[in-house]
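Every heavy atom of this structure was used, including side-chain atoms; hydrogens, water molecules and symmetry mates were not. If you read the sequence from its start, that first residue is 1, and numbering goes on from there.
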Amino acid sequence: MATAGKVINCKAAIAWGPKQPLTIEDIEVAPPKAHEVRVKIVATGICRSDDHVLSGAISDMKFPAILGHEGAGIVESVGEGVKNLKPGDKVIPLFVPQCGECRCCTNSRSNLCDKHDIGPYIGLLLDRTSRFTCKGKPVYNFLSTSTFTEYTVLDEICVAKIDDNAPLEKVCLIGCGFSTGYGSAVNTAKVEPGSSCAVFGLGGVGLSVLIGCKVAGAAKIIGVDTNPDKFAKAKELGATDCINPNDYKEPIHEVLAKMSDGGLDYTFECIGNTKVMESALLATHFGCGTSVIVGLAPASARVSVDPMEMLTGRTLKGALFGGWKSRDDVPKLVADFMAKKFNLDGLITHRSTLDKINEGFDLLRKGDSIRTILQISQ
């Protein structure tokens, strides 16, 4: 491409600090160095994790930064030594890398990678520098990805090549929200046919858990949320029942136990609230229940558990990116989408553009959207 090897001038949404609106700025994106890839972002979702940064819930972030981690795009150019990607390839940036060599990557029970930047945050590429500048100053990356920009640079191990025919304005959800929820059900919990499940929090990730539970063959899938406006969509995507904790005097775990013969087989906390995590654990059956933490809690949050709640046979697990090994599994998930194994349309409620990104965050905070997809380029 004509831009290969050159600095690209483009637009990006810059986060200058917590509790400040994003501003659209002119930035410079340097060419990729060895084992790096420069990608033209076509579409990106607005995820709750991005809002955690803006709210200040993630305390060790570095600013200014380009947020966004749920995107899809097209390779513009590659650095020296990149073997399996070329200009024109459709790709999904990966906030969980896969180097293929570290202890996590070589362990079938883990989907993390020692080279992640999930926390404590560094905000730079693997060589500890940034390819972004704005107004003459470096700009930090977010989660090895940074998709709220027309162009980004990624380490090769943070890129998955996908089907050339995949619609990027839909499969961008596989970069975070959908994969996180869906995989929590089918990978982490390994939901079994005929089982009972409850999903706490019916946002984009929670609804993706519902889809996973349904695909796995669960017989009872209960959606739990304090916003009843979300119930119709939840039932459309697989919930058999929906309940609002505010409608009951007794604790919600007791309500759920009565609905499920003494406790559920599986529960999923998709909010990031430690009190809800405790309720989700108690809602599982005392002798065989499994509860999965999916939501991202504030940095200082702690969960309180009575050891007897675990000693009887409950299991508490965590699920980051749904247990998927990113570079291996994201292309397979896109292939499953193309084969119509699942549908992503029900998760997308709004479409917008980069210049209206703050309006997209407002919709998220008010509970009026599931996912807003920003069309960054064609």
Any sub-3.5 Å donor-acceptor pair from [X]'s side-chain atoms to [Y]'s backbone N or O?
X	Y	result
Arg371	Gly45	no
Glu150	Lys11	yes
Glu25	Cys134	no
Asp50	Cys47	yes
Thr274	Val303	no
Asp241	Ile222	no
Thr290	Ala189	no
Asn187	Gly322	yes
Glu269	Asn273	yes
Ser179	Cys176	no

Rounded at 0.5 Å granularity, tell me how far [atom1] in [X] sits from [atom2] in [Y].
X	Y	atom1	atom2	result
Ile174	Phe321	CD1	CZ	8.5 Å
Ile376	Lys40	CD1	NZ	11.5 Å
Ile370	Leu207	CD1	CG	5.0 Å
Leu143	Leu94	CG	CG	12.0 Å
Cys158	His116	SG	NE2	11.5 Å
Asn9	Ile27	CG	CD1	9.0 Å

Is there a donor in the side chain of Ser352 and an acceptor in the side chain of Glu359, or the other way round, less than 3.5 Å apart?
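No, no side-chain donor-acceptor pair sits under 3.5 Å.
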Using distance alone, with no hydrogens and no angle criterion, decide if Thr267 and Ser291 have a side-chain donor and acceptor under 3.5 Å apart.
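Looking only at side-chain atoms, Ser291 and Thr267 do form a donor-acceptor pair, the distance falling under 3.5 Å.
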Treat each ILVMFWY residue as a node, draw an edge where side-chain heavy atoms are under 4.5 Å apart, and state whether [X] and [Y] are in one component.
X	Y	value
Ile252	Val292	no
Ile24	Ile41	yes
Leu296	Leu281	no

Report the residues that fulfil side-chain hydrogen bond (donor to acceptor under 3.5 Å, both in side chains) with Thr133, sequence neighbours left out, ordered by chain and then residue number.
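Thr133 satisfies side-chain hydrogen bond (donor to acceptor under 3.5 Å, both in side chains) with Glu28 only.
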Around atom [atom1] of [X], are there more than 12 heavy atoms from other residues, nucleotides or ligands closer than 6.0 Å?
X	atom1	result
Lys62	NZ	yes
Phe361	CZ	yes
Glu80	CD	no
Tyr121	OH	yes

Suppose the criterion is side chain to side chain donor-acceptor pair (under 3.5 Å): which pairs have a residue in residues 151-177, not counting sequence neighbours?
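Those involving residues 151-177 are His35-Glu156, Lys170-Asp345.
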Regarding Glu76 and Arg38, does a basic nitrogen lie under 4.0 Å from an acidic carboxylate oxygen?
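Looking at Glu76 and Arg38, the cut-off is met.
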Evaluate Leu256 against Ile243 for side chain to side chain contact (heavy atoms under 4.5 Å, CB included), listing each step before the verdict.
CA-CA 9 Å; Leu256 289 166; Ile243 61 173; 3.6 Å; yes
Set out, in order, the CA-CA distance, both residues' side-chain angles and the distance that settles side chain to side chain contact (heavy atoms under 4.5 Å, CB included) for Asp114 and Cys99, then state yes or no.
CA-CA 8 Å; Asp114 288 353; Cys99 73; 6.0 Å; no
Quick one, Val75 with Lys86, criterion side chain to side chain contact (heavy atoms under 4.5 Å, CB included). Give me CA distance, side-chain angles, the key distance, then yes/no.
CA-CA 7 Å; Val75 174; Lys86 65 183 185 302; over 6 Å; no
Nearest heavy-atom pair of Lys33 and Glu36: which atoms, and what distance?
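Minimum heavy-atom separation between Lys33 and Glu36: N-OE1, 2.8 Å.
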ring-ring contact (aromatic ring centres under 6.0 Å, His included) evaluation trace for Phe342 with Phe178:
CA-CA 10 Å; Phe342 52 80; Phe178 174 77; 4.4 Å; yes
Pairs in or reaching into residues 225-265: which pass ring pair (Phe, Tyr, Trp, His ring centres under 6.0 Å), with residues at least two apart or in two chains?
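Counting only pairs at least two positions apart or across chains, no ring pair (Phe, Tyr, Trp, His ring centres under 6.0 Å) contact touches residues 225-265.
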Partner of Gln98 by side chain to side chain contact (heavy atoms under 4.5 Å, CB included), out of Val159, Asp328, Val330, Leu112:
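Going through Val159, Asp328, Val330, Leu112 one by one, the side chain to side chain contact (heavy atoms under 4.5 Å, CB included) with Gln98 is satisfied by Asp328 alone.
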